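Read through the structure below, which is laid out as structure tokens, and then see the notes.
Here, residue 1 is the first one in the sequence, and each next residue gets the next number. Given the structure is predicted, the values throughout are model-derived calculations rather than measurements.
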Amino acid sequence: MDRQHKDVTIKGSHSRHPSVSVKSLPRRVFLQLMGFSPISLCIYPLFAAPMQDMNEPEVIRTLKLSSGVRIQEIIEGEGRQARDGDYVQVNYVCRRSNGYFVHSTVDQFSGESSPVTLPLDENQIIKGLKDVLTGMKVGGKRRALIPPSVGYINENLKPIPDEFGPRRSLLSHAKEPLIFEVQLLKIL
């Protein structure tokens, strides 16, 4: 392949040289003549683009309880820990294990929340959620995968939405694992 080079001729009567002939060079040749080459970037790193600081990704560890509940601590919280028999005020989002939304105490559009008060008692709350809330500190946030064996084994266990649609949706998926993301607001 033969590249055609353009000849540029500048004619002028006012210059010392009556005509100048300039041939165009390929960009690669021009950059190499100027001292820029891939090898020079290795030898002279100050010509290379600056490296950005690489931060290690934050790893969220999962704790598996003997009941089969898997817990991820998202925010630890501060203050005293919730214990058996306490009443706690929480916001939560409940999803199916495939990620589909079931119910939440926080409105996804306005951000308004209507927290629920739950007793940490196995006879009134689903056992898996009791296990998640026990030991949490105020302001803490956890995500948990709750298997059906410690989930809604009884229709009277809390938290249950008051509205018919979310209640029916929740109870229709009671036989599958549920994901709860819970934030502890107060220990009463």
Which atom of Val106 lies closest to which atom of Gly111, heavy atoms considered
CG1-O, 3.9 Å
Supply the atom-to-atom distance Lys186 NZ to Gln89 CD, rounded to the nearest 0.5 angstrom.
5.0 Å
Distance col, row Met136:CE vs Asp86:CG, nearest 0.5 angstrom, shows 13.0 Å
Can you tell me how far apart CG (Asn154) and CD (Gln124) are? Round to the nearest 0.5 Å.
11.5 Å
Starting from Val88, can I reach Leu188 by hopping between I/L/V/M/F/W/Y residues whose side chains sit under 4.5 Å apart?
no
Under-4.0 Å salt bridge between Glu181 and Arg142
no
So for atom CZ, which belongs to Arg70, do other residues, nucleotides or ligands contribute more than 12 heavy atoms lying within a distance under 6.0 Å?
no
Using the side-chain contact (heavy atoms from CB on, under 4.5 Å) definition, which of the options Asp121, Val116, Leu120 pairs with Leu118?
Val116
Could you grab the distance from atom OG of Ser169 to atom CD of Glu163, nearest 0.5 Å is fine?
11.5 Å
Residues Val150 and Ile146: closest non-hydrogen pair is O-CG2, 3.8 Å
Determine, using the 4.5 Å side-chain heavy-atom cutoff (strictly less than), whether Val182 and Phe101 are members of one ILVMFWY cluster.
no
Of all heavy-atom pairs linking Val102 and Pro166, the shortest is O-CB, 4.4 Å
For the residue pair Arg83 and Arg80, what are the closest heavy atoms and their distance?
NH2-NH1, 3.3 Å
I'd like to know if Ile71 and Ile179 are part of one continuous hydrophobic network [Ile/Leu/Val/Met/Phe/Trp/Tyr, side-chain heavy atoms within less than 4.5 Å].
no
Under 4.5 Å between side-chain heavy atoms, hopping through other hydrophobics if needed: is there a path connecting Ile74 to Leu65?
no
Min side-chain heavy-atom separation Leu133-Ile125 under 4.5 Å:
yes
Is Ile160 close to Leu171 at the side-chain level, that is, under 4.5 Å between some pair of heavy atoms?
yes
List in chain and number order the residues that pass salt bridge (Lys or Arg N to Asp or Glu O under 4.0 Å) with Asp107, two or more places apart in sequence or in another chain; answer none if no residue qualifies.
none
To the nearest 0.5 Å, what is the distance between OG (Ser97) and CD (Glu176)?
5.5 Å
Tightest non-hydrogen contact, residues Ser114 and Asn91, listed as C-OD1, 4.1 Å
Answer yes or no: does atom CZ of Arg168 have more than 12 heavy-atom neighbours from other residues, nucleotides or ligands under 6.0 Å?
no
Using side-chain heavy atoms (C-beta onward) and a distance below 4.5 Å, is Cys94 in contact with Leu170?
yes
Nearest heavy atoms of Gly139 and Ile75, plus distance in Å:
O-CG2, 3.7 Å
What distance separates Lys175 NZ from Ser149 OG, expressed to the nearest 0.5 Å?
11.5 Å
Linking I/L/V/M/F/W/Y whenever any side-chain heavy atoms sit under 4.5 Å apart, do Leu129 and Leu157 land together?
yes
Find out whether Val69 and Pro147 are in side-chain contact, i.e. whether some heavy atom of one side chain is under 4.5 Å from a heavy atom of the other.
yes
Between Phe180 and Val93, is there a side-chain heavy-atom distance shorter than 4.5 Å?
no
Residues which pass salt bridge (Lys or Arg N to Asp or Glu O under 4.0 Å) with Lys158, listed by chain and number, not counting sequence neighbours:
none
Is any side-chain heavy atom of Lys137 less than 4.5 Å from a side-chain heavy atom of Glu78?
no
Could you tell me whether Glu112 atom CD has more than 12 heavy atoms of other residues or ligands within 6.0 Å of it?
no
Begin from the C-alpha positions of Thr134 and Val132 and carry the test side chain to side chain contact (heavy atoms under 4.5 Å, CB included) through to its verdict.
CA-CA 6 Å; Thr134 303; Val132 172; over 6 Å; no
Less than 4.5 Å apart, side chain to side chain, heavy atoms only: is that true for Ile187 and Tyr87?
no
Arg95 vs Leu178 side-chain heavy atoms within contact, under 4.5 Å
no
Do Tyr92 and His103 get their side chains close enough for a donor-acceptor pair, meaning under 3.5 Å?
yes
